[in-house]
J.: 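Got a structure here, written out as structure tokens. Questions coming.
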Amino acid sequence: MTHPETTPQRPAATIRSRVRIPLAFPDGYRVEAEVRTFHGLADGAEHLALTLGDPSAAPAPLVRLHSECLTGDVFGSARCDCGPQLRESVQRIAETGGHLLYLRQEGRGIGLYNKLDAYALQDAGLDTYQANTALGLPEDGRDYTAAAQMLHTLGTPAVRLLSNNPDKAAQLAAHGITVTERVPTAVHLSPSNLHYLRAKVEHTRHTLALAPLVG
């Protein structure tokens, strides 16, 4: 994981475009989002900001940093909790007002093909972090510099962060974003993702109350 120590001096990102998109989920939930694209992001990736509800309704709007997961978000893979977290986050943010940053960081930053290679190693007995390491890759290669840039550009220097991951809050704080509260997401547990979620707790101190659920 990347742990910046000080806020870097970077040119500000700018809004490239904005468009309203009606979102529809398989369970019938629908909501409209204003989607923004950006110029000048630190990593040059095509990250998106989805604004839901009225972010100005609170001094620190609810914000989710959601890393892209093709298998979970699009295909509904049960090996992770990404799809259910995305669905949950959109509704919770829409209800209170805020932003969902959809970050192009597949596989915790290692890419789609590498993630699928890691799945094969997990089938052989490694957990998700051990599999990344066995491939010579970081356990978590995500850097949230661009996310902080996006929030500054959106005029959101303080947020309530919808996340179970303490590293997200630490990185945002290092880049000048005040995290007034870290709001946990639900535990989307299934037989297929139990070992994945347990690894999150053990390796990166995710705040997931798994013990009551698994005995």
J.: To check you understand the geometry: which heavy-atom pair defines the closest contact between Gly72 and Cys80, and what is its length?
T.: CA-SG, 4.0 Å
J.: Following the transitive rule for hydrophobic clusters with a side-chain heavy-atom cut-off under 4.5 Å over Ile, Leu, Val, Met, Phe, Trp and Tyr, establish whether Leu65 and Leu162 coincide in one cluster.
T.: no
J.: Kindly compute the distance separating CG (Leu62) from CG (Leu161), expressed to the nearest 0.5 Å.
T.: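 Between Leu62 CG and Leu161 CG, I get 8.5 Å after rounding to 0.5 Å.
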J.: For the hydrophobic clusters of this structure (ILVMFWY residues joined by side-chain heavy atoms under 4.5 Å, transitively), does one cluster hold both Leu154 and Val159?
T.: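 Yes, one cluster joins them.
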J.: Using the ring of Tyr129 (Phe, Tyr or Trp, six-membered ring only), decide whether Arg108 places NZ or CZ under 6.0 Å from its centre and within 45 degrees of its axis.
T.: yes
J.: Evaluate the salt bridge (Lys or Arg N to Asp or Glu O under 4.0 Å) criterion for residues Asp123 and Arg79: first the C-alpha distance (whole Å), next the side-chain angles of each, then the deciding distance (0.1 Å), finally the verdict.
T.: CA-CA 11 Å; Asp123 289 341; Arg79 293 188 67 140; 3.1 Å; yes
J.: Can you measure from NE2 (His99) to CG (Leu50) and round to the nearest 0.5 angstrom?
T.: 10.5 Å
J.: To the nearest 0.5 angstrom, please state how far the OG1 atom of Thr178 sits from the CD atom of Glu181.
T.: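 Result: 14.0 Å between the selected atoms.
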J.: Please name the pair of heavy atoms, one in Tyr144 and one in Leu172, separated by the smallest distance, quoted to 0.1 Å.
T.: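 Where Tyr144 meets Leu172 most closely, the heavy atoms are O-CD2, 4.3 Å.
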J.: In the single-linkage hydrophobic clustering (I, L, V, M, F, W, Y; side-chain heavy atoms under 4.5 Å), do Leu48 and Leu70 co-cluster?
T.: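 Unlinked, Leu48 and Leu70 end up in two clusters.
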J.: Under the salt bridge (Lys or Arg N to Asp or Glu O under 4.0 Å) criterion, do Arg36 and Glu34 qualify, and how do the steps go?
T.: CA-CA 7 Å; Arg36 291 178 175 86; Glu34 183 174 59; 2.9 Å; yes
J.: Roughly how far, to the nearest 0.5 Å, is CG of Leu103 from OG of Ser67?
T.: 5.5 Å
J.: I need the Arg104 CZ to Glu68 CD distance, nearest 0.5 Å.
T.: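 Taking CZ in Arg104 and CD in Glu68, the distance rounds to 4.0 Å.
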J.: Regarding Ser56 and Asp54, do their side chains bring together a donor and an acceptor under 3.5 Å, going by distance alone?
T.: yes
J.: According to a 4.5 Å side-chain heavy-atom criterion applied to Ile, Leu, Val, Met, Phe, Trp and Tyr, with indirect links allowed, do Phe75 and Leu86 form part of one hydrophobic cluster?
T.: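 No.
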J.: I need the minimum non-hydrogen distance between Arg182 and Ser163, along with the two atoms involved.
T.: CG-O, 3.2 Å
J.: Are the side chain of Gln130 and the backbone of Asp127 linked by a donor-acceptor contact shorter than 3.5 Å?
T.: yes
J.: With distance as the sole criterion, is a donor-acceptor pair present between the side chains of Gln85 and Arg64 under 3.5 Å?
T.: yes
J.: Show the nearest heavy-atom pair for residues Arg142 and Gly109, with the distance to one decimal.
T.: CG-N, 3.9 Å
J.: Which heavy atom of Arg92 sits nearest to which heavy atom of Thr185, and what is that distance?
T.: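 Smallest interatomic distance, heavy atoms only, reads NH1-CA, 3.8 Å.
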J.: Report yes or no: do Asp73 and Tyr102 form a side-chain donor-acceptor pair below 3.5 Å?
T.: yes
J.: Look up atom CZ in Arg20 and atom OG1 in Thr51, then write down how far apart they are to the nearest 0.5 Å.
T.: 8.5 Å
J.: Please name the residue in the list Thr145, Leu101, Ile15 that meets the side chain to side chain contact (heavy atoms under 4.5 Å, CB included) test with Met150.
T.: Leu101
J.: Using the side chain to side chain contact (heavy atoms under 4.5 Å, CB included) rule, take Thr133 and Leu135 through it: C-alpha gap first, then chi angles, then the decisive distance, then the call.
T.: CA-CA 5 Å; Thr133 300; Leu135 291 170; over 6 Å; no
J.: Does NZ or CZ of Arg87 lie under 6.0 Å from the centre of the six-membered ring of Phe25, at an angle within 45° of the ring axis?
T.: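 Because its charged atom sits under 6.0 Å from the ring centre and within 45° of the axis, Arg87 does stack over Phe25.
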J.: Provide the closest heavy-atom pair for Asp43 versus His47 in the form atom of the first, atom of the second, distance.
T.: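 Where Asp43 meets His47 most closely, the heavy atoms are OD2-NE2, 2.8 Å.
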J.: Between Thr71 and Lys115, does a side chain to side chain contact (heavy atoms under 4.5 Å, CB included) hold up when you go through it step by step?
T.: CA-CA 10 Å; Thr71 52; Lys115 181 176 84 170; 2.8 Å; yes
J.: Are Val35 and Val74 grouped together when hydrophobic residues (ILVMFWY) are joined by side-chain heavy atoms under 4.5 angstrom apart?
T.: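 Hydrophobic grouping puts Val35 apart from Val74.
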